[in-house]
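This is a predicted model, so every value here is computed, not measured. Residue numbers begin at 1 in each chain, while the letters A, B, ... track the order of the sequences.
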There are 2 protein chains.
Amino acid sequence: MGAGEEWTGGVSGFEEMWRALAPVGRSGESGGYFRQPWTAAEGELRAWFAEQAAARGLTLETDGLGNAVAWWRPEGATGRHVLTGSHLDSVLDGGAFDGPLGVVSALAAVDLLRDRGHTPTRPIGIAVFVEEEGSRFGRACLGSRLVTGATTWAAARELRDRDGVRLDDALAAADLGPTGDDARWPSLTDDAHAFVELHVEQGRHLVDLGEPVGVASGIWPHGRYRLDVVGEANHAGTTRMEDRHDPMLTYAMTALAAAKQARLAGQRATFGRVEVTPNGTNAVPSRVTAWLDARADSEAALEALVADIARQATDRAGRDGTTLTLTAESVSAEVRFDPDLAARIAAGDDARADWPLLPTQAGHDAGILSAAGVPTAMLFVRNPTGISHSPAEHAETADCLAGVEALADTLARLTT
Amino acid sequence: MGAGEEWTGGVSGFEEMWRALAPVGRSGESGGYFRQPWTAAEGELRAWFAEQAAARGLTLETDGLGNAVAWWRPEGATGRHVLTGSHLDSVLDGGAFDGPLGVVSALAAVDLLRDRGHTPTRPIGIAVFVEEEGSRFGRACLGSRLVTGATTWAAARELRDRDGVRLDDALAAADLGPTGDDARWPSLTDDAHAFVELHVEQGRHLVDLGEPVGVASGIWPHGRYRLDVVGEANHAGTTRMEDRHDPMLTYAMTALAAAKQARLAGQRATFGRVEVTPNGTNAVPSRVTAWLDARADSEAALEALVADIARQATDRAGRDGTTLTLTAESVSAEVRFDPDLAARIAAGDDARADWPLLPTQAGHDAGILSAAGVPTAMLFVRNPTGISHSPAEHAETADCLAGVEALADTLARLTT
């Protein structure tokens, strides 16, 4: 919708954007999405976002990583800005909602605020952060980490994707790349009054509570750890079982131990990615590399969980005659979102809203901006199955529109 | 060495061929070999073999799959032929000896027989069979299975490699392909008097016995089985452990159960290849596919081993809420090599040889030709570590030359 046009109703505006995004990066086989950063599909999404900004008369600001902010800065909107938005990239074979729902809802909220005749007293920026999922370079929230300085460009530029492509080469191939030695975007956080990210819920709290929208209280501490198990390649037929040093067995026992330990402790531990060398049917592998995703309700609990998994894995490696290392690739501290902001959203003074407060185990750019000192809040939209990071991820349109209203209300309150 | 030249000694002729092959398809990283069929590396090996045949005045005969036989058919050599040779392809990141030692030794044995002034009374053919390892299309001994009719072209042509390339497209890309609906080569087996394959030992029998050369008594029955475990993709952070249907756990328990069961039964079970979908760190996988390589000292024992692994895997799938299928991709019956032929080689009437008889757990083209009714024997050359299907695979030159002599003696006995 152009800046001069009239708001034609939440359903049609929201659904039109949703329909435009539906085919981008979608697998014909699974119906899931492959929107890895700095690929053709993600380039199409960035172009779509630029068009949406232009159609609304928003000023697009971008950086050398592909992060983008579309600014609504009408006359009289001064001082510290209010950010909203989310990300457009997906996990491998992911769902349609994780990320894009926050971007589409932010655009629809701006449309709704204009329709209501609201003129913000502060600039409102709709942000799109790149590589939130870490599905290509293995570092979740890489875009927001780099702009806030939580990760340095010196540390990130040499990261390699699964095909061995370096991050700076991937950026160059997409006609991007920081111009200097730094990938920071200081004004984004330094001048921020607040950041509000809307996201599809990735669990069943809202279903169980019967509410279409909720407000996040915080994010569990979580980390990604690379497990490297080195054994001895050998013939799968002629090598006696007792003469083997098979890294697959060390890995398999570690995966089972991690799941059991997390279940007993009420935490989370997942091995979703495994790479075997040489990965041939008739050879004992020389190496198995796997990634542990671990999350817990406190930092002490996370450390204890990972230490316990490492201890059991090391014991097994001793029995298998393999060697094992566990390397933290990224660890995110616990995030407690701004309680005043959350309370204001959850029970707005105009009584329009009365949303429940919920914790989450999922990392988000909101966690990174919160850690960088920006007062931050998150809105969740009900997910009828709780399934996420899967083609089966879903949210009903009525709930999405309730989310747009809640976000518009929040932005209005923060810019009045 | 050309047909008209003189035999310049086993060491120099053998070593010259060995040096020529050493760099082909070798990984700079591991030092191991990647000689997958119908790739550039394997094309180079086939060209090398054609040159070696031409240099010796041998007549090269090839088929549409890339199988080749170099014939030594001097005047007076009539009737049923004697085949020797092996294969030139490797497992992923394999060793230098598995396959090429049999081909190089066969060429060196022909040189040695000429040097001794032996004129064979039957044609001698040096065969190279393609895709012996099954490292590209997943079917071990694919070349010899197709020429003997153990596998039909109709069943094989639609096989796909890891990149989704169909076998017939891979052949076309290498300017190959059967001309009709059949990939058989009937005369190869129908007109065969015997097949003798020399191979590096893939175990430690000869080391323990202190012998440089041995003779195979037979091959254990063995098979490859694809394990498909389907679960439910979900978020690695927000999905409670007890709400998951994680196929990785079903797989991990199956891998441990297989190893334990094989160890207790004195058999072999290996999971060397795993593919995870979507293979992302922060998602519970939707599917894990893994390949079981199982071998046992009798067909009943193999069936019992696989049935026991399947039972434990199915029990676990029930607890994980995943679904599981185990599909036999190729199963090879027990091979008992021709006992008279083995006895003649093991204790030759000229008392030159006195080699021990050993069983093997490794599949070979010799097993396929034996099953096709060709009187077949195998010679093994000592492997000082027993390691095979690994860059560390090795044989000392002195032992290789003893192998050449034993092969030459055998061929002489079969063609006098």
Query raised in the report: Looking only at atom types and distance, does a side-chain atom of A/Asn234 sit under 3.5 Å from a main-chain N or O of B/Ser388, one as donor and one as acceptor?
Result: yes
Report task. Can you tell which part of B/Arg273 gets under 4.5 Å to a heavy atom of chain A, answering side chain, backbone, both or neither? Result -> both
Query raised in the report: For chain A, which of B/Arg268, B/Arg244, B/Gln361, B/Met241 has the most heavy-atom pairs under 4.5 Å?
Result: B/Arg268
Query - Region of B/Gln267 that comes under 4.5 Å of a non-hydrogen atom in chain A - result: backbone
Report summary line: Most heavy-atom pairs under 4.5 Å with chain B, out of A/Ala269, A/Ala140, A/Gly138, belong to A/Ala269
Report task. Give, for atom CZ of B/Arg295 and atom NE2 of A/His235, the distance between the pair rounded to the nearest 0.5 Å. Result -> 5.0 Å
Query raised in the report: Which answer fits B/Tyr251, side chain, backbone, both or neither, if we ask what part of it has an atom under 4.5 Å from a heavy atom of chain A?
Result: side chain
**Report entry** Which portion of A/Arg316 sits near chain B, non-hydrogen atoms under 4.5 angstrom
**Finding:** side chain
Query raised in the report: What residue in A/Gly266, A/Gly203, A/Ala283 has the most heavy-atom pairs under 4.5 Å with chain B?
Result: A/Ala283
Query raised in the report: Do you know which two heavy atoms are closest between A/Ser390 and B/Ala233, and how far apart they sit?
Result: CB-O, 3.4 Å
Report summary line: Output for pair (B/Thr281 OG1, A/Arg139 CZ), nearest 0.5 Å, gives 10.0 Å
Report summary line: The interface call for B/Val284 against chain A, heavy-atom contacts under 4.5 Å, is both
Report summary line: chain A shares the most heavy-atom pairs under 4.5 Å, among B/Glu242, B/His205, B/Glu232, B/Glu275, with B/Glu232
Report summary line: Minimal heavy-atom distance between A/Ala255 and B/Leu249, with the atoms involved, is O-CD2, 3.7 Å
Query raised in the report: Rounded to the nearest 0.5 Å, how far does CG of B/Asn282 lie from NE2 of A/His222?
Result: 9.0 Å
Query raised in the report: Between A/Gly272 and B/Val276, which heavy-atom pair has the shortest distance, and what is it?
Result: O-CG1, 3.5 Å
Query raised in the report: About how many Å separate OG1 of A/Thr277 and CG of B/Leu92, when rounded to the nearest 0.5 Å?
Result: 10.0 Å
**Report entry** Reference residue A/Thr238; test side chain to side chain contact (heavy atoms under 4.5 Å, CB included); the match among B/Gln202, B/His389, B/Glu201
**Finding:** B/Gln202
**Report entry** Side chain / backbone / both / neither for B/Val274 at chain A, heavy atoms under 4.5 Å
**Finding:** both
Query - Inter-residue atom distance B/Arg204.CZ - A/Thr239.OG1, 0.5 Å rounding - result: 11.0 Å
Query raised in the report: So how far is it from B/Arg240 CZ to A/Arg263 CZ, rounded to the nearest 0.5 Å?
Result: 12.5 Å
Report task. Taking all heavy atoms of A/Arg162 and all of B/Asn279, pick out the closest pair and write down the distance. Result -> NH1-O, 2.8 Å
Query - Which atoms of B/Met248 approach chain A - backbone, side chain, both or neither, heavy atom under 4.5 Å - result: side chain
